[in-house]
Amino acid sequence: PVGPFDFDGGFTEIEPLLVPSPGSDIISLAELSDGGFPPEVWVATRTDIFRVSENAQGRWQAQPSHIAFPDFVRNVWVTPAGQSRIGTSSGTIYSLPSGLKLAEPPAALKGTAQAYLQYCGQVFMIDEENLYTLATAGDGTGAWAAPLLSRPGVLKNGRIFPGTHELWIF
């Protein structure tokens with residue numbers, strides 16, 4: 001987290017208020033508090049997840065998950081029902097904070113998972129060639145469906161973003 005912000009369109013120099021893992025890049029963020037107080041977010045680095053929050057005294061704290069993921073973390077997100085998820089480079093999805101495995105990698109995985117997105121109640125993932133959707137069961141687990149889209153050689157290092165009524169894949 002950083003601050004303060006200038007919302008009038010100008011530039012403001014910002015100072016870090018917390019560094020959860022010095023020397024590690026932040027890969028993904030997901031808000032837990034839904035804009036409420038105290039603010040609370042998941043902060044993902046390649047090798048760990050931190051629950052970051054601000055206490056009543058205005059001090060920021062980071063609690064590491066201490067979950068040993070076998071693969072690199074790609075994305076962290078919170079479902080509309082408030083359930084926290086992590087997607088790894090292998091295409092595996094885990095729950096947070098427990099680390100319970102919810103979905104195995106897709107059988108057709110090409111290379112590594114590049115990015116994940118939950119959009120309109122559906123989880124999407126891209127690997128180096130394909131776009132997948134996750135078919136979920138009533139218990140929260142799921143399985144990747146056959147690829148919706150295949151673009152060999154195009155999606156490596158790709159990202160997926162929500163549009164107004166579509167997905168944007170770069």
Side-chain angles (χ1 to χ4, degrees), residues 1 20 24-53 63-170:
S24 294
D25 293 333
I26 293 175
I27 303 300
S28 182
L29 299 168
E31 186 175 5
L32 283 158
S33 57
D34 198 23
F37 188 85
E40 192 170 24
V41 296
W42 289 112
V43 175
T45 66
R46 288 175 64 102
T47 58
D48 206 352
I49 308 297
F50 298 85
R51 192 175 193 139
V52 176
S53 60
Q63 299 171 326
S65 68
H66 298 297
I67 299 171
F69 296 108
D71 312 297
F72 290 127
V73 172
R74 290 288 194 216
N75 288 94
V76 61
W77 68 93
V78 178
T79 70
Q83 300 157 321
S84 300
R85 303 288 185 251
I86 202 78
T88 67
S89 59
S90 72
T92 306
I93 295 179
Y94 298 90
S95 67
L96 286 173
S98 70
L100 177 71
K101 187 184 292 186
L102 299 176
E104 296 285 346
L109 186 75
K110 300 293 184 190
T112 61
Q114 304 295 297
Y116 295 80
L117 175 71
Q118 178 150 353
Y119 180 63
C120 294
Q122 180 65 57
V123 176
F124 296 89
M125 186 265 291
I126 57 172
D127 66 14
E128 295 177 16
E129 295 184 4
N130 302 303
L131 169 68
Y132 302 89
T133 59
L134 187 70
T136 55
D139 63 357
T141 61
W144 295 107
L148 283 176
L149 172 77
S150 184
R151 296 289 187 263
V154 175
L155 300 178
K156 187 170 181 153
N157 298 318
R159 296 291 172 256
I160 184 169
F161 300 95
T164 305
H165 298 286
E166 67 278 331
L167 297 175
W168 291 84
I169 302 172
F170 296 94

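All values derive from a computational prediction rather than experimental measurement.
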**Q.** CD1-CG distance between Ile93 and Leu100, expressed to the nearest 0.5 angstrom
**A.** 12.0 Å
Q: For the pair Glu129 (side chain) and Leu155 (backbone), establish whether a donor and an acceptor sit closer than 3.5 Å, ignoring hydrogens and angles.
A: no
Q: Rounded to the nearest 0.5 Å, what's the gap from OG1 on Thr112 to CG on Asp71? Could you check?
A: 9.5 Å
Q: Taking the side chain as every heavy atom from C-beta outward, state whether Ile67 and Tyr94 have any pair of such atoms under 4.5 Å apart.
A: no
(Q) Less than 3.5 Å apart, any donor N or O on the side chain of Thr164 or Glu166 sitting next to an acceptor on the other? (A) no
(Q) Are Leu117 and Phe161 packed together at the side-chain level, in the sense that at least one heavy-atom pair is separated by less than 4.5 angstrom? (A) no
Q. From Glu31 CD over to Trp42 CH2, what is the distance, rounded to the nearest 0.5 angstrom?
A. 13.5 Å
Q.
For residues 131-150, which residue pairs pass the side-chain hydrogen bond (donor to acceptor under 3.5 Å, both in side chains) check, not counting sequence neighbours?
A. Asp127-Tyr132, Asn130-Tyr132, Asn130-Ser150, Asp139-Thr141
Q: Go through the structure and list residues passing salt bridge (Lys or Arg N to Asp or Glu O under 4.0 Å) with Arg51, not counting sequence neighbours.
A: Glu40
Q: Give a yes or no answer on whether the side chain of Arg74 reaches the backbone of Ile27 with a donor-acceptor pair at less than 3.5 Å.
A: no
**Q.** Any side-chain heavy-atom pair of Ile49 and Phe69 under 4.5 Å
**A.** yes
Q) Is the backbone of Phe72 close enough, under 3.5 Å, to the side chain of Ser89 for a donor and an acceptor to pair up by distance? A) yes
(Q) I need the Ser28 OG to Trp77 CH2 distance, nearest 0.5 Å. (A) 8.5 Å
(Q) With side-chain contact (heavy atoms from CB on, under 4.5 Å) as the test, pick out the partner of Arg85 among Val78, Val76, Leu134, Leu102. (A) Leu102
Q. Closest approach of Gly158 and Ala115, non-hydrogen atoms and distance?
A. O-CB, 3.9 Å
Q. Is the side chain of Gln114 donor-acceptor paired with the backbone N or O of Asn157 at a distance under 3.5 Å, no angle test?
A. yes
Q) Can you check whether Tyr119 reaches Ile160 side chain to side chain, under 4.5 Å on heavy atoms? A) no
Q. So, does Tyr116 use its side chain to make a donor-acceptor pair with the main chain of Ile86 at under 3.5 Å?
A. no
**Q.** Taking every non-hydrogen atom, the tightest pair across Pro105 and Ser90
**A.** CB-O, 3.0 Å
Q. Is any side-chain heavy atom of Pro106 less than 4.5 Å from a side-chain heavy atom of Met125?
A. yes
Q) How many angstroms lie between atom CD1 of Ile126 and atom CG of Leu148, to the nearest 0.5 angstrom? A) 12.5 Å
Q.
Using every non-hydrogen atom in the two residues, find where Asp48 and His66 come nearest and quote the distance to one decimal.
A. OD1-N, 3.7 Å
